Number of protein chains: 2
Amino acid sequence: MKLMSVETKLKAAGMKITPQRTAVLQALMDNPHHPTADDLFKTIRKVYPNISAGTVYHILNTLVSKKVIGKIETADNVVRYDAITEKHHHLYLNDEQEIVDFFDEALSGLIMEYLQKNHQLAHIDIEDVKIQIIGKSKQSPGD
Amino acid sequence: MKLMSVETKLKAAGMKITPQRTAVLQALMDNPHHPTADDLFKTIRKVYPNISAGTVYHILNTLVSKKVIGKIETADNVVRYDAITEKHHHLYLNDEQEIVDFFDEALSGLIMEYLQKNHQLAHIDIEDVKIQIIGKSKQSPGD
DNA sequence: TATTAAATAGAAATTATTCCTAATTAGAAA
DNA sequence: TTTCTAATTAGGAATAATTTCTATTTAATA
């Protein structure tokens with residue numbers, strides 16, 4: 001899964017391979033900072049100057065719906081994307097300036113197990129549990 | 001904390017008490033469904049017909065910055081608000097159609113304790129941990 | 001009750017995203 | 001290979017959510 005090329009991923013999702021899709025998915029895979037659609041648009045336009053913003057948005061939506069990429073929740077009104085589809089969590093640092101991936105399968109398991117016992121959740125089919133760790137870098141002198 | 005009136009909350013935050021602010025905070029406290037700014041605007045306008053949308057947005061921003069209310073993260077591009085500032089988690093049900101509060105201090109403590117030991121987080125000052133439980137109501141016949 | 005800094009109304013501006021349509025193109029089929 | 005066709009894209013207009021602006025109003029203090 002992790003090592004699939006852009007084209008393999010697109011094919012696996014049953015999507016036609018186009019230069020635009022290749023560029024969008026590659027740009028997202030190359031950027032670990034959970035970019036917005038506009039971030040990606042600007043990056044791609046440098047090498048592919050007449051790609052349309054609407055196309056980038058459209059491709060991102062398709063990739064999300066086919067579960068090739070993920071969306072990230074943010075407290076402002078921009079959608080961020082994530083090339084990593086393996087279950088993982090996020091570290092929201094310095095007032096959401098930075099969102100860092102955080103992998104810890106043991107923790108996910110621990111929580112899942114704990115939640116199974118909760119009667120408030122008895123009638124819920126739990127699909128996923130995501131943890132948001134909100135914090136600040138200790139060395140940052142600000143505030 | 002929980003039982004403070006709207007006016008007490010505003011005063012405690014060092015904010016002037018205005019009818020608009022009172023209406024916005026009261027409307028949010030009366031709505032457990034994590035409304036958007038526009039939801040609140042429409043509700044308030046019924047009883048206060050010439051309140052301005054800009055004012056509602058502005059008041060909500062002020063309330064968030066003074067930590068009188070909270071923002072909720074969503075995967076689409078709308079900001080939702082939460083009158084409850086006590087630490088709690090959220091249940092995202094049926095593809096985010098519904099966001100339900102979930103209180104479990106024991107779980108929060110468990111996770112905090114677990115995370116303290118993680119060396120990836122050694123240089124992070126953890127301020128909060130939020131859990132998003134994504135799931136579906138079992139009885140829902142859809143999909 | 002007068003003063004003044006802060007708050008609001010209303011509208012315009014901005015930002016993020018979606019929608020629309022004609023032109024193009026990837027991949028299947030011949 | 002070439003042809004065909006449904007899917008994709010460019011470009012721009014439209015929409016939605018939110019912010020900004022400015023003149024007017026108002027809450028709280030003196």
Side-chain angles (χ1 to χ4, degrees), chain A residues 6-28 34-66 68-69 71-81 96, chain B residues 6-28 34-66 68-69 71-81 96:
Chain A
V6 166
E7 302 204 350
T8 312
K9 287 188 184 212
L10 291 174
K11 251 179 214 159
M15 293 171 70
K16 284 186 185 173
I17 293 169
T18 68
Q20 292 89 340
R21 284 174 169 176
T22 305
V24 169
L25 185 50
Q26 188 65 60
L28 181 59
H34 310 100
T36 64
D38 193 57
D39 290 338
L40 293 168
F41 174 56
K42 282 174 184 150
T43 302
I44 295 164
R45 210 170 33 171
K46 282 179 196 160
V47 51
Y48 194 144
N50 62 334
I51 194 169
S52 151
T55 299
V56 173
Y57 279 94
H58 185 249
I59 289 173
L60 288 167
N61 282 339
T62 308
L63 290 171
V64 169
S65 74
K66 305 263 184 189
V68 179
I69 65 174
K71 264 189 182 183
I72 296 205
E73 336 250 292
T74 65
D76 53 9
N77 58 325
V78 247
V79 178
R80 294 185 169 275
Y81 296 92
E96 307 229 350
Chain B
V6 166
E7 302 204 349
T8 312
K9 287 188 184 210
L10 291 174
K11 252 180 215 159
M15 293 171 68
K16 282 188 186 172
I17 293 169
T18 69
Q20 292 88 341
R21 284 173 169 177
T22 305
V24 169
L25 185 49
Q26 189 64 61
L28 181 59
H34 309 100
T36 64
D38 193 58
D39 291 338
L40 293 167
F41 174 57
K42 281 175 183 150
T43 302
I44 295 163
R45 208 168 37 169
K46 284 179 196 162
V47 50
Y48 194 144
N50 62 332
I51 194 169
S52 151
T55 299
V56 173
Y57 279 93
H58 185 249
I59 289 173
L60 288 167
N61 283 338
T62 307
L63 290 171
V64 169
S65 74
K66 306 263 184 188
V68 180
I69 65 173
K71 265 189 182 184
I72 296 205
E73 339 251 289
T74 65
D76 52 8
N77 57 326
V78 247
V79 178
R80 294 185 169 274
Y81 296 92
E96 308 228 350

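Because the structure is a prediction, the values reported are computed rather than measured. Numbers restart at 1 for each chain; the letters A, B, ... are given by sequence-line order, proteins then strands.
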To the nearest Å, give me how far apart [atom1] ([X]) and [atom2] ([N]) are.
{"X": "B:Arg21", "N": "D:dT26", "atom1": "CZ", "atom2": "P", "result": "15 Å"}
{"X": "A:Phe41", "N": "D:dA10", "atom1": "CZ", "atom2": "P", "result": "9 Å"}
{"X": "A:Ile51", "N": "D:dG12", "atom1": "CD1", "atom2": "P", "result": "15 Å"}
{"X": "B:Ile59", "N": "D:dT18", "atom1": "CD1", "atom2": "P", "result": "15 Å"}

- Task: Return the nearest nucleotide to the side chain of A:Asn50; candidates are D:dG11, C:dA7, C:dA9.
- Result: D:dG11
4.5 Å side-chain heavy-atom contact, [X] and [Y]:
{"X": "A:Val79", "Y": "A:Thr36", "value": "no"}
{"X": "B:Thr43", "Y": "B:Leu40", "value": "no"}
{"X": "A:Glu73", "Y": "B:Glu96", "value": "yes"}
{"X": "B:Tyr81", "Y": "B:Val64", "value": "yes"}

- Message: When you measure from the side-chain N and O atoms of A:Gln20 to the phosphate of D:dA10, is any distance below 4.0 Å, counting only OP1 and OP2?
- Response: yes
- Query: What string of B, S and - do you get for nucleotides 13-30 of chain C, 5' to 3', when a contact is any protein heavy atom under 4.0 Å?
  - Reply: ---SBB-------BS---
Say whether, by atom type as modelled, one donor and one acceptor occur between the side chain of [X] and the main chain of [Y] under 3.5 angstrom.
{"X": "B:Arg45", "Y": "B:Asn50", "answer": "no"}
{"X": "A:Thr55", "Y": "A:Ile51", "answer": "no"}
{"X": "B:Arg80", "Y": "B:Ile72", "answer": "no"}

- Task: Sort out for me which residue in B:Val6, B:Ile59, B:Ile69 forms a side chain to side chain contact (heavy atoms under 4.5 Å, CB included) with B:Leu28.
- Result: B:Ile69
- Terminal helix-axis angle for the helix from C:dT1-D:dA30 to C:dA30-D:dT1, with five pairs defining each axis and rounding to 10 degrees: 40°
